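All of these numbers come straight from a predicted model, not from anything done at the bench. Counting starts at 1 for both ligands and their atoms, following the listed order.
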Amino acid sequence: MNNIQHAIQTIQKQIRDDAIRYHREPSSVSLLAVSKKQPIEKIQEAICAGQVAFGENYLQEALGKIAALSNEQIEWHFIGPIQGNKTKKIAEYFAWAHTISDIKIAKRLNDQRPAHLPPLNICIQVNSSSEKTKSGIEPDNILSLAEYCTILPRLTLRGLMTIPAPKNTFDEQRAEFHKLRLIYDQLNQAGFKLDTLSMGMSNDREAAIAEGATFVRIGTAIFGERGK
Ligand SMILES: *Cc1c(COP(=O)(O)O)cnc(C)c1O
């Protein structure tokens with residue numbers, strides 16, 4: 001077994017153990033392998049280990065990988081910032097986009113989603129840490145964006161995503177994810193049918209699972225340090 005296969009098995013076991021520790025169904029947490037700045041060979045090793053969902057941040061880099069791996073059964077997730085000039089390719093080549101934070105981008109993705117593909121799965125990226133430098137929509141503005149996304153026929157609003165400011169302790173990490181969890185619960189109580197919380201990375205995976213993450217986005221712990 002190679003390093004990447006081993007790392008994936010280790011993380012899958014951690015995810016399972018975390019889920020059980022927090023009284024969750026292990027199958028309710030999925031591993032999204034974040035392959036940005038990693039070579040195609042490493043993605044192939046991860047595929048051999050049974051990994052299906054891969055996350056990419058940089059569109060040009062991602063399109064090259066998608067073309068090179070077009071014979072594989074991969075579910076591609078876009079997890080980087082989305083500018084208007086990127087929406088067409090994202091709509092054409094990805095199954096998911098996790099980083100929707102404004103109406104204009106949602107509308108473009110909807111209009112550009114090819115008719116032969118199922119609706120694009122999306123998450124609204126929330127700025128739960130309320131830091132000026134962080135991307136994502138402010139919590140006060142989520143409801144109107146969520147309502148707007150729900151009426152777009154070529155998008156399926158699946159849930160919420162966040163990248164919290166780095167925190168040192170487990171309790172601080174957990175408090176950040178708890179904020180997103182509360183918003184998620186409020187939206188579902190208001191009648192939305194969300195099933196996805198995209199939160200947790202290599203360093204805060206357990207805290208995210210404790211708060212209900214359904215996708216943990218793991219890069220370094222699978223593939224090692226990224227290239228430049
Ligand atoms: C890079 C990245 C990750 C993975 O981070 P690691 O610390 O390498 O696990 C997850 N989510 C997003 C949005 C990223 O940009």
Side-chain angles (χ1 to χ4, degrees), residues 3-15 18 29-40 42-43 45-46 49 51-63 65-66 74-83 86 90 94-102 105 109 120-129 131 133-137 158-170 172-174 176-177 179-181 184 196-228:
N3 287 342
I4 287 175
Q5 284 175 305
H6 185 259
I8 287 182
Q9 285 191 6
T10 302
I11 291 159
Q12 292 285 17
K13 181 173 186 315
Q14 288 169 340
I15 290 173
D18 294 341
V29 191
S30 298
L31 174 60
L32 177 59
V34 176
S35 47
K36 65 171 180 230
K37 306 255 176 171
Q38 299 288 358
I40 286 171
K42 288 193 178 183
I43 300 178
E45 288 177 22
Q51 183 63 32
V52 174
F54 289 86
E56 288 281 340
N57 296 54
Y58 308 106
L59 184 60
Q60 286 313 316
E61 179 193 336
L63 292 174
K65 291 174 178 174
I66 291 170
I74 297 180
E75 183 180 270
W76 290 105
H77 294 240
F78 194 81
I79 61 170
I82 306 179
Q83 292 89 32
K86 295 186 189 169
I90 292 171
F94 286 79
W96 284 73
H98 291 228
T99 43
I100 311 303
S101 57
D102 73 72
I105 295 296
L109 289 169
L120 179 68
N121 295 296
I122 62 159
C123 293
I124 292 176
Q125 183 177 358
V126 180
N127 179 5
S128 51
S129 302
E131 290 184 2
T133 54
K134 283 278 162 188
S135 38
I137 192 168
R158 298 291 299 268
L160 306 176
M161 177 271 204
T162 196
I163 312 171
K167 295 283 187 257
N168 292 324
T169 70
F170 178 83
E172 288 172 314
Q173 291 173 350
R174 196 169 164 171
E176 292 291 316
F177 294 129
K179 293 187 227 166
L180 198 70
R181 174 58 190 261
Y184 173 86
T196 300
L197 273 171
S198 168
M199 58 188 195
M201 317 202 300
S202 294
N203 289 327
D204 52 15
R205 178 208 72 249
E206 182 183 344
I209 292 173
E211 290 297 332
T214 65
F215 267 122
V216 285
R217 309 179 309 263
I218 308 286
T220 316
I222 297 175
F223 297 109
E225 293 298 322
R226 285 180 275 274
K228 287 286 177 297

Per-residue contact class, Lys36 against ligand 1 - non-hydrogen pairs under 4.0 Å: side chain
Sequence neighbours excluded, the answer for side chain to side chain contact (heavy atoms under 4.5 Å, CB included) partners of Ala46 is Ile4, Ile8, Gln51, Phe54, Phe223
Excluding sequence neighbours, so at least two apart, what forms ring pair (Phe, Tyr, Trp, His ring centres under 6.0 Å) with Tyr184? none
Interfacing atoms of ligand 1 (cut-off 4.0 Å, heavy-atom, Asn57): 14 (C), 15 (O)
Does an N or O anywhere in Ala221 fall below 3.5 Å from an N or O of ligand 1? no
Going by the closest heavy atom to atom 13 (C) of ligand 1, which one wins out of Leu32, Ile163, Asn203? Ile163
Atoms of ligand 1 close to Ile218 [distance to a heavy atom under 4.0 angstrom, numbered from 1]: 9 (O)
Criterion side-chain contact (heavy atoms from CB on, under 4.5 Å) on Leu160 and Leu197, from CA distance to verdict: CA-CA 5 Å; Leu160 306 176; Leu197 273 171; 4.2 Å; yes
To which protein heavy atom is atom 10 (C) of ligand 1 closest, and what is the distance rounded to 0.1 Å? Met201 SD, 3.1 Å
Please state whether the rings of His98 and Phe215 are parallel, tilted or perpendicular, taking 30° and 60° as the class boundaries. tilted
Heavy-atom contact under 4.0 Å between Arg226 and ligand 1? yes
Please list the nearest protein heavy atom to atom 11 (N) of ligand 1 with its residue and the distance rounded to 0.1 Å. Arg217 NE, 2.8 Å
Closest by any non-hydrogen atom to atom 6 (P) of ligand 1: pick that one out of Ser202, Gly224, Ser35. Ser202
Are Ile79 and Ile163 close enough, and set up right, to give a side-chain contact (heavy atoms from CB on, under 4.5 Å), and what steps lead you there? CA-CA 10 Å; Ile79 61 170; Ile163 312 171; over 6 Å; no
To the nearest 0.5 Å, tell me how far Lys167 NZ sits from Gln173 CD. 9.5 Å
Should one rank Val216, Thr220, Ile11 by closest heavy-atom distance to atom 7 (O) of ligand 1, which comes out on top? Thr220
Derivation of the side-chain contact (heavy atoms from CB on, under 4.5 Å) call for Ser135 and Gln125: CA-CA 8 Å; Ser135 38; Gln125 183 177 358; 3.6 Å; yes
